[in-house]
Amino acid sequence: HSKNQTTYRSVNEIVKIPNSYMSGISECPGPPNAVSGLTASPSSGGVDTVGLSWPRAPDDGQGLGTDRIYLLYQKRHVDTVYTQIASVNAQASATYDYNVNSGLTLGTAYDFAVAVRDCTPSLSPITTRTNITPN
C-alpha cells in the first residue's frame, strides 16, 4: 500500500423503520363495504343512455370516511369482462348518480357494476345490475 492510496467501497444498506406503514392501515381498517344497491334506468325513445344511481357505501362518510372513489364498470350482457368507464369521488352525498351517455348501442343489453375503493387502496366487492337495454 502506498501512503496516498484512497480506497472506495460501496455500501448498500436498508434502513428499516418499524411500523412506518401503519398510519395508512389504521385510517382504513379492512376492505371497504360494497354498495348495498345499484339502480340502472335505461332510456327509451331512441336515446343511448342509462342512468346509474346508488346509495352511499356503509363506511363512506360514517365517522372514518375512508371511502375515496366509486369505480363504475360496464360490459355487454353477452360478454364476460367488465371495462371501467368512470370514477366518482366519494363525498358526503347520501346517493350518487352517473349518466352513461356514450358508446351504448340501442337494443343491446348491458351489465353495469360499481365498486368502492378506500385509502389503502383496497377494492370492495362489486355490486351489479344486469341485462339493462336502452331503446
Side-chain angles (χ1 to χ4, degrees):
H1 273 3
S2 82
K3 236 180 182 182
N4 297 328
Q5 184 176 4
T6 306
T7 304
Y8 294 97
R9 69 183 175 100
S10 23
V11 177
N12 292 320
E13 185 177 349
I14 296 174
V15 178
K16 294 186 178 181
I17 302 171
N19 300 329
S20 62
Y21 63 91
M22 292 301 286
S23 61
I25 292 174
S26 64
E27 290 172 17
C28 295
N33 294 314
V35 168
S36 62
L38 173 63
T39 302
S41 306
S43 64
S44 59
V47 183
D48 61 345
T49 63
V50 171
L52 302 178
S53 181
W54 62 95
R56 179 176 61 209
D59 50 325
D60 173 16
Q62 305 278 321
L64 289 176
T66 59
D67 292 348
R68 295 288 182 257
I69 295 175
Y70 292 96
L71 299 173
L72 305 175
Y73 304 89
Q74 81 179 32
K75 69 178 182 68
R76 290 188 315 156
H77 186 60
V78 295
D79 294 339
T80 55
V81 178
Y82 280 96
T83 300
Q84 184 181 327
I85 56 169
S87 61
V88 176
N89 286 337
Q91 299 158 351
S93 308
T95 58
Y96 294 84
D97 295 295
Y98 181 81
N99 200 39
V100 182
N101 58 7
S102 62
L104 301 180
T105 302
L106 294 175
T108 298
Y110 292 91
D111 298 346
F112 297 95
V114 61
V116 185
R117 193 170 77 201
D118 69 8
C119 62
T120 52
S122 296
L123 208 58
S124 75
I126 65 168
T127 301
T128 60
R129 287 285 292 145
T130 61
N131 209 12
I132 307 298
T133 306
N135 288 298

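- Counting only distance, with no hydrogens or angles, the side chain of Tyr70 and the backbone of Ala57 share a donor-acceptor pair below 3.5 Å.
- Taken from OH in Tyr98 to CZ in Phe112, the straight-line distance is 10.0 Å, to the nearest 0.5 Å.
- Ile69 CD1 to Cys119 SG: the interatomic distance, rounded to the nearest 0.5 Å, is 11.0 Å.
- Val50 and Tyr73 are not part of a single hydrophobic cluster, where members link through side-chain heavy atoms under 4.5 Å apart.
- The distance from atom CG of Leu52 to atom CG of Asn99, rounded to the nearest 0.5 Å, is 8.0 Å.
- The shortest side-chain heavy-atom distance between Val114 and Leu71 does not fall under the 4.5 Å cut-off.
- Cluster annotation: Tyr82 is not connected to Ile85 through the hydrophobic network of ILVMFWY side chains, with a link wherever side-chain heavy atoms come within less than 4.5 Å.
- Residues Leu123 and Arg117 share a closest heavy-atom pair of CD1-CB, 3.8 Å.
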Asp97 and Ser53: side chain to side chain donor-acceptor pair (under 3.5 Å), yes or no, with the steps?
-> CA-CA 4 Å; Asp97 295 295; Ser53 181; 3.0 Å; yes
Any chance you could lay out the side-chain contact (heavy atoms from CB on, under 4.5 Å) test for Val35 and Val116, step after step, and finish with the verdict?
-> CA-CA 7 Å; Val35 168; Val116 185; 3.7 Å; yes
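- Taken to the nearest 0.5 Å, the CD1 atom of Ile132 stands 11.5 Å off from the CG atom of Leu104.
- Residues Ser36 and Pro58 have side chains not in contact (no heavy-atom distance under 4.5 Å, counting atoms from C-beta outward).
- Going from atom OH of Tyr96 over to atom CG of Asn89 covers 9.0 Å, rounded to the nearest 0.5 Å.
- Of all heavy-atom pairs between Ala34 and Pro125, the closest is CB-O, 3.6 Å.
- Note: Thr105 OG1 to Tyr110 OH = 3.5 Å, rounded to the nearest 0.5 Å.
- The shortest heavy-atom contact between Pro32 and Ser124 is O-CB, 3.3 Å.
- Residues that satisfy the salt bridge (Lys or Arg N to Asp or Glu O under 4.0 Å) test with Asp111, not counting sequence neighbours, are Lys75.
- For the pair Arg56 (side chain) and Ala92 (backbone), a donor-acceptor distance under 3.5 Å is present.
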